[in-house]
Amino acid sequence: GHVTAETLMSILRDKDSGICVDTEGFCTAGSMVSVLPRDPALPCVHFFTATPDPSRSVFKPFVFVAGIKPVPQVRSPSFLQDPAKQIPRFQSSVDRRHELYRRHQAALELMEQDPDWGRKLLETLQELEKQGLEGMKELLE
């Protein structure tokens with residue numbers, strides 16, 4: 001058959017198969033789907049959740065090209081006194097979660113507290129994801 005980015009996203013969200021996990025203290029950390037055109041003149045498009053549990057996340061499109069400016073919301077914070085770079089290492093800890101991850105966690109908490117609001121939020125996220133997929137198709141045509 002014909003496998004699309006949407007097909008792969010659906011597979012990565014499948015809890016019944018055990019591919020997408022959010023139980024017993026373990027959660028799928030993040031997921032990625034890449035579209036690699038056969039034409040080398042066309043860019044590759046990579047979709048990342050950048051957040052845990054793809055069943056409640058949106059796949060966001062990224063195209064890597066020369067001179068790209070990183071989006072600050074998905075960059076892990078850096079620290080002048082980084083415990084990972086000091087000797088002895090890891091004597092203290094810092095919050096390395098990027099802004100998108102922190103907001104995702106806050107949204108999940110709200111989803112659990114108010115399921116109706118959570119369904120509406122998930123529908124909004126799915127619409128944004130659909131727009132990203134449509135934009136990718138236009139880019140590659």
Peer 1: Once rounded to the nearest 0.5 Å, what's the spacing between atom CD of Glu129 and atom CD of Glu127?
Peer 2: 10.5 Å
Peer 1: Taking all atoms of both residues into account, what is the closest heavy-atom pair of Pro88 and Gln91, and its distance?
Peer 2: O-CG, 3.3 Å
Peer 1: Going by heavy atoms in the side chains, are Lys15 and Asp53 under 4.5 Å from each other?
Peer 2: yes
Peer 1: Tell me, please, which residues at least two apart from Arg97 pass side chain to side chain donor-acceptor pair (under 3.5 Å).
Peer 2: Asp95, Gln105
Peer 1: Should Leu125 and Met9 be counted in the same cluster of Ile, Leu, Val, Met, Phe, Trp and Tyr side chains packed under 4.5 Å apart?
Peer 2: no
Peer 1: Does the side chain of Lys60 reach to within under 4.5 Å of the side chain of Phe48, using non-hydrogen atoms?
Peer 2: no
Peer 1: Transitively linked via ILVMFWY side-chain contacts under 4.5 Å: Leu139 with Leu128?
Peer 2: no
Peer 1: Would you say Val45 ends up clustered with Phe59 if hydrophobic residues are merged whenever their side chains have heavy atoms under 4.5 Å apart, either directly or through other cluster members?
Peer 2: yes
Peer 1: Using modelled atom types only, decide if a donor and an acceptor are shared between the side chain of Glu123 and the backbone of Leu121 within a distance under 3.5 Å.
Peer 2: no
Peer 1: According to side chain to side chain donor-acceptor pair (under 3.5 Å), who are the partners of Thr49, at least two apart in sequence or on a separate chain?
Peer 2: none
Peer 1: When hydrophobic residues are tied together by side-chain contacts of less than 4.5 Å, even through go-betweens, does Val58 share a cluster with Val63?
Peer 2: no
Peer 1: Does this structure show an ion pair linking Asp82 with Arg96, if we count only N-O contacts that are shorter than 4.0 Å?
Peer 2: yes
Peer 1: What pair of heavy atoms forms the shortest contact from Pro54 to Cys20, and how long is it?
Peer 2: CD-SG, 3.7 Å
Peer 1: Take Gln126 and Lys130, measure what side chain to side chain contact (heavy atoms under 4.5 Å, CB included) needs, and give me the verdict at the end.
Peer 2: CA-CA 6 Å; Gln126 290 168 342; Lys130 183 179 172 186; over 6 Å; no
Peer 1: Within this structure, what is the OG-CZ distance for the pair Ser57 and Arg13, rounded to the nearest 0.5 Å?
Peer 2: 7.5 Å
Peer 1: Working to the nearest 0.5 Å, report the span between CD of Gln131 and CE of Met136.
Peer 2: 14.0 Å
Peer 1: So, using salt bridge (Lys or Arg N to Asp or Glu O under 4.0 Å) as the criterion, who are the partners of Glu6 when residues are at least two apart?
Peer 2: Lys137
Peer 1: Output the distance between atom CH2 (Trp117) and atom NZ (Lys120), rounded to the nearest 0.5 Å.
Peer 2: 10.5 Å
Peer 1: Closest approach of Asp39 and Ala41, non-hydrogen atoms and distance?
Peer 2: OD1-N, 2.9 Å
Peer 1: What are the two closest non-hydrogen atoms of Cys44 and Pro37, and how far apart are they?
Peer 2: CA-CD, 3.9 Å
Peer 1: Check whether any side-chain heavy atom of Glu99 sits under 4.5 Å from a side-chain heavy atom of Pro72, and report yes or no.
Peer 2: no
Peer 1: Any link between Leu108 and Leu122 through a network of hydrophobic side chains (Ile, Leu, Val, Met, Phe, Trp, Tyr) touching at under 4.5 Å?
Peer 2: yes
Peer 1: How are the rings of Phe64 and Phe62 set relative to one another: parallel (under 30°), tilted (30 to 60°) or perpendicular (over 60°)?
Peer 2: parallel
Peer 1: Please tell me if the side chains of Leu36 and His46 come closer than 4.5 Å, counting only heavy atoms from C-beta onward.
Peer 2: yes
Peer 1: Who else is in Phe79's hydrophobic cluster (ILVMFWY, side-chain heavy atoms under 4.5 Å, direct or via others)?
Peer 2: Val94
Peer 1: If you measure from CG on Leu12 to OG on Ser55, what distance do you get to the nearest 0.5 Å?
Peer 2: 11.0 Å
Peer 1: Not counting sequence neighbours, which residues clear salt bridge (Lys or Arg N to Asp or Glu O under 4.0 Å) with Glu112? List them please.
Peer 2: Arg56
Peer 1: Could you go through Lys85 and Leu80, starting from their C-alpha distance and side-chain angles, then the distance that decides it, and tell me whether this counts as side chain to side chain contact (heavy atoms under 4.5 Å, CB included)?
Peer 2: CA-CA 9 Å; Lys85 297 177 182 176; Leu80 292 174; over 6 Å; no
Peer 1: Under 3.5 Å, is there a donor on one side chain and an acceptor on the other for Thr7 and Ser10?
Peer 2: no
Peer 1: Who passes side chain to side chain donor-acceptor pair (under 3.5 Å) against Ser76, sequence neighbours left out?
Peer 2: none
